[in-house]
Participant: 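Below is the structure I would like to discuss, written out as C-alpha cells.
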Amino acid sequence: MDRDRAERILALARAIPEGFVTTYGDLSPGAPRLAGTVLAAAPDGSVPWHRVVRADGSLAQGERQRRLLEGEGVPFVTSGVAGRRPRVEMEIAHIPREALIDAR
DNA sequence: CGGATGACGCAGT
DNA sequence: TACTGCGCCATCC
C-alpha cells in the first residue's frame, strides 16, 4: 500500500514517543525540506511537530519548540556562551528512522 | 511552464 | 563552530 510521501512522513512523525526527537532527514531521506513543508501544512494537534529537529539538534521553531521539548524532559546542550542557540542532545534523545519504522 | 521558495543536509573551507 | 554552495522536491507565482 504505497501511501504518498506526505502521508508516510506524517505516519513516522506520529510514531515519535514523548521525550524523544527525530530529524527531518529521518522523516524524508533525500528530500528533508519536504518534511518541513508537510509538517507546516498539517493541522495543529494532528502531529507532534515539535519532536522534529534538524540533524545537528538545532531547532527550526525557536523558543516555542524549546519549551514544548523541555516540558517532555528532552535534554539540551547549551553552551554557557550567550548568543548561541540551544541544541537537543541527539546522542540521548534522538530516535533513528529505523526505530520509528519498527514501532510503526 | 520556468523560476523562486522553504520547519533541510552535507561536504568543503 | 560558522558560513557557503549545491542538491532535493512539492508548491506558488
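In what follows, every chain begins at residue 1, and chains take the letters A, B, ... in the order their sequences are listed.
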Participant: What is the distance from atom CG of A:Leu59 to atom CZ of A:Arg67, rounded to the nearest 0.5 Å?
Facilitator: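 The CZ atom of A:Arg67 is 12.0 Å from CG of A:Leu59, to the nearest 0.5 Å.
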
Participant: What distance separates A:Thr22 OG1 from A:Leu27 CG, expressed to the nearest 0.5 Å?
Facilitator: 5.0 Å

Participant: Go through the structure and list residues passing salt bridge (Lys or Arg N to Asp or Glu O under 4.0 Å) with A:Glu72, not counting sequence neighbours.
Facilitator: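 Here the qualifying residues are A:Arg51.
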
Participant: Within residues 47-57 of chain A, which residues have any heavy atom lying less than 4.0 Å from an atom of DNA chain B?
Facilitator: A:Trp49, A:Arg54, A:Ala55

Participant: For A:Ala13 versus A:Leu39, what's the shortest heavy-atom pair and its separation?
Facilitator: CB-CD2, 4.4 Å

Participant: First locate atom CZ of A:Arg54, then atom OG1 of A:Thr23, and finally report the distance between them rounded to the nearest 0.5 Å.
Facilitator: 12.0 Å

Participant: Out of curiosity, A:Arg87 CZ to A:Asp56 CG, how far, rounded to the nearest 0.5 Å?
Facilitator: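 A:Arg87 CZ to A:Asp56 CG: 6.0 Å, rounded to 0.5 Å.
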
Participant: For DNA chain B, what are the stems built from at least three Watson-Crick or G-U pairs in a row, each pair having both distances below 3.5 Å?
Facilitator: B:2-6 with C:9-13, B:8-13 with C:2-7

Participant: Got A:Val77 and A:Met90 here, is their nearest side-chain heavy-atom distance under 4.5 Å?
Facilitator: no

Participant: My understanding is that only residues two or more places apart in sequence, or in another chain, count here; which of them pass salt bridge (Lys or Arg N to Asp or Glu O under 4.0 Å) with A:Arg66?
Facilitator: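 With neighbours one apart ignored, the set is A:Glu63, A:Glu70.
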
Participant: Would you say the side chain of A:Leu68 lies within less than 4.5 Å of the side chain of A:Trp49, judging by non-hydrogen atoms?
Facilitator: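 Yes - at least one pair of side-chain heavy atoms lies under 4.5 Å apart.
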
Participant: Where along nucleotides 1-11 of chain C does protein come under 4.0 Å, by heavy atom, of base (B) or sugar-phosphate alone (S), with - for untouched nucleotides?
Facilitator: SS----BBSS-

Participant: With side chains defined as the heavy atoms from C-beta onward, is the minimum distance between A:Val47 and A:Val38 less than 4.5 Å?
Facilitator: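 No. Closest side-chain heavy atoms not under 4.5 Å.
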
Participant: As an exercise, state the distance from OG of A:Ser46 to CZ of A:Arg14, rounded to the nearest 0.5 Å.
Facilitator: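 That separation rounds to 6.0 Å.
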
Participant: Find the distance between CG (A:Leu12) and CG (A:Asp26) and round it off to the nearest 0.5 Å.
Facilitator: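 Here the interatomic distance stands at 8.5 Å.
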
Participant: For DNA chain B, which residues of residues 9-28 of chain A approach it to below 4.0 angstrom with any heavy atom?
Facilitator: A:Thr23, A:Tyr24, A:Gly25

